[in-house]
Amino acid sequence: MERLPHAWFDRPAPEIARALIGAQLLVRGVGGRITETEAYAPDDPASHSFRGPTPRNRAMFGPPGLAYVYRSYGIHLCLNVTCQPGSAVLIRALEPLSGMEAMTARRGTQDPRRLCAGPGCIGQALALRIEDDGTDILTILPGPEVRIVTGPRIGISRAVDLPWRFGMAGSRFLSRPFRNLGRI
DNA sequence: GCACCGATTTGCT
DNA sequence: GCAAATCGGTGCG
């Protein structure tokens, strides 16, 4: 199976965020099935890119299909896939499949449901480094068509009504449950 | 220059 | 339920 080419990601973030649910994501051979994403767009007040390029967010204005890795709350490293300029998709949760041993060791738990349930947890499970920012570390393989649920993004205070959080319906590998009945 | 706020997680009360 | 950990960005003086 071929990985999705960079040009595939040259689309608006909400479209990519939805399409990535069910795909498989690997970083240096470790990862799993994408179960939860969020979209961030150029004209989106909740996006790091909203006020233009900075040293932190410069990857969001670069080529599509690369990693945008940023430090969250000074502690965690969170993973995005870049899309159209100023756009990115935050990877919020995975169903862990590959490199289970490495992930359990890094996360300090055997519970598969806690390995990659949250953006900071993914950063730790995949051993992301700040030097990965803006680089081509992502292998993303197409997955099956799956039922999608949507809802408001988590942890933001602006544009709170946009339904730009996407999840795999019925998955047990989510950072938090989806309240809504917003199936697609 | 300085204070405050996050695209978070964990552990303790 | 709440505070702590810790740093880049933003806004104000």
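In what follows, chains are A, B, ... by sequence order, proteins preceding strands, each numbered from 1. It should be emphasised that the depicted structure is a prediction, and the values quoted were computed from it without experimental measurement.
- Backbone-only engagement by Arg56(A) is indicated by non-hydrogen atom pairs under 4.0 Å involving sugar-phosphate atoms exclusively.
- A side-chain donor-acceptor contact under 3.5 Å links His6(A) and Asp136(A).
- To the nearest angstrom, C1' of dA5(C) lies 4 Å from CD1 of Ile75(A).
- Within the nucleic acid shown, Gly120(A) comes within 4.0 Å of sugar-phosphate atoms alone, with no base atom in reach, counting heavy atoms only.
- One atom, CZ of Arg114(A), and another, C1' of dT9(B), lie 11 Å apart when rounded to the nearest Å.
- Residue Leu90(A) is classed as a base contact, given a heavy-atom separation below 4.0 Å to a base.
- Side-chain proximity of Arg51(A) to the nucleotides dA7(B), dT10(B), dG11(C) is greatest for dG11(C).
- Listed candidates were dT10(B), dG6(B), dT6(C). Nearest to the side chain of Ser157(A) is dG6(B).
- By the 6.0 Å contact criterion, CG on Asp161(A) is open, its count of non-hydrogen atoms from other residues, nucleotides or ligands being 12 or less.
- Partner of Ser98(A) under the side chain to side chain contact (heavy atoms under 4.5 Å, CB included) criterion, out of Val27(A), Thr139(A), Leu26(A): Leu26(A) alone.
- A gap of 22 Å separates the C1' atoms of dG1(C) and dA7(B), to the nearest Å.
- Listed pair Ser72(A) / dA7(B) fails the phosphate criterion, with no side-chain N or O lying under 4.0 Å from OP1 or OP2.
- Contact check, His48(A) against dA7(B): a side-chain N or O comes under 4.0 Å of OP1 or OP2.
- For Arg28(A), the CZ atom is densely surrounded, since the number of other residues' heavy atoms within 6.0 Å is greater than 12.
- Separation of the C1' atoms belonging to dT10(B) and dG8(C) is 22 Å when rounded to the nearest angstrom.
- Between dT8(B), dA7(B), dG11(C), one nucleotide has an atom nearer to the side chain of Tyr73(A) than all others, and that is dT8(B).
- A close approach under 4.0 Å does occur between a side-chain nitrogen or oxygen of Arg92(A) and OP1 or OP2 of dT8(B).
- Looking at heavy-atom distances under 4.0 Å, Asn57(A) makes no contact with the nucleic acid at all.
- In this structure, CD1 of Ile154(A) is placed 10 Å from C1' of dA7(B), rounded to the nearest angstrom.
- dG6(B): Watson-Crick or G-U partner is dC7(C), with both key distances under 3.5 Å.
- The Pro55(A) side chain lies nearest to dG9(C) when the options are dG9(C), dT10(C), dT6(C).
- A donor atom on one side chain and an acceptor atom on the other are not found under 3.5 Å apart for Thr109(A) and Arg114(A).
- For Leu128(A) and dA7(B), the CG to C1' distance is 15 Å, given to the nearest whole Å.
- Atom-to-atom, OH of Tyr70(A) to C1' of dT9(B) comes out at 12 Å; the value is rounded to the nearest Å.
- Summarising the geometry, the separation between CZ on Phe50(A) and P on dT10(C) is reported as 11 Å, rounded to the nearest angstrom.
- Between Arg176(A) and dT9(B) there is no side-chain N or O to OP1 or OP2 distance below 4.0 Å.
- Taking the P atoms as reference points, dA3(C) lies 15 Å from dC4(B), given to the whole Å.
- Using a distance-only test at 3.5 Å, with no hydrogens or angles considered, no donor-acceptor pair links the side chain of Asn80(A) to the main chain of Ala88(A).
- The nucleotide whose nearest atom lies closest to any side-chain atom of Arg107(A) is, among dG11(C), dT10(B), dA7(B), dT10(B).
- Regarding Phe166(A), its CZ atom lies at a distance of 18 Å from the P atom of dA7(B), rounded to whole Å.
- Ranking dA7(B), dT9(B), dT10(C) by closeness to the His76(A) side chain, first place goes to dT9(B).
- Atom CZ in Arg58(A) sits roughly 13 Å away from atom C1' in dG8(C) (whole-Å rounding).
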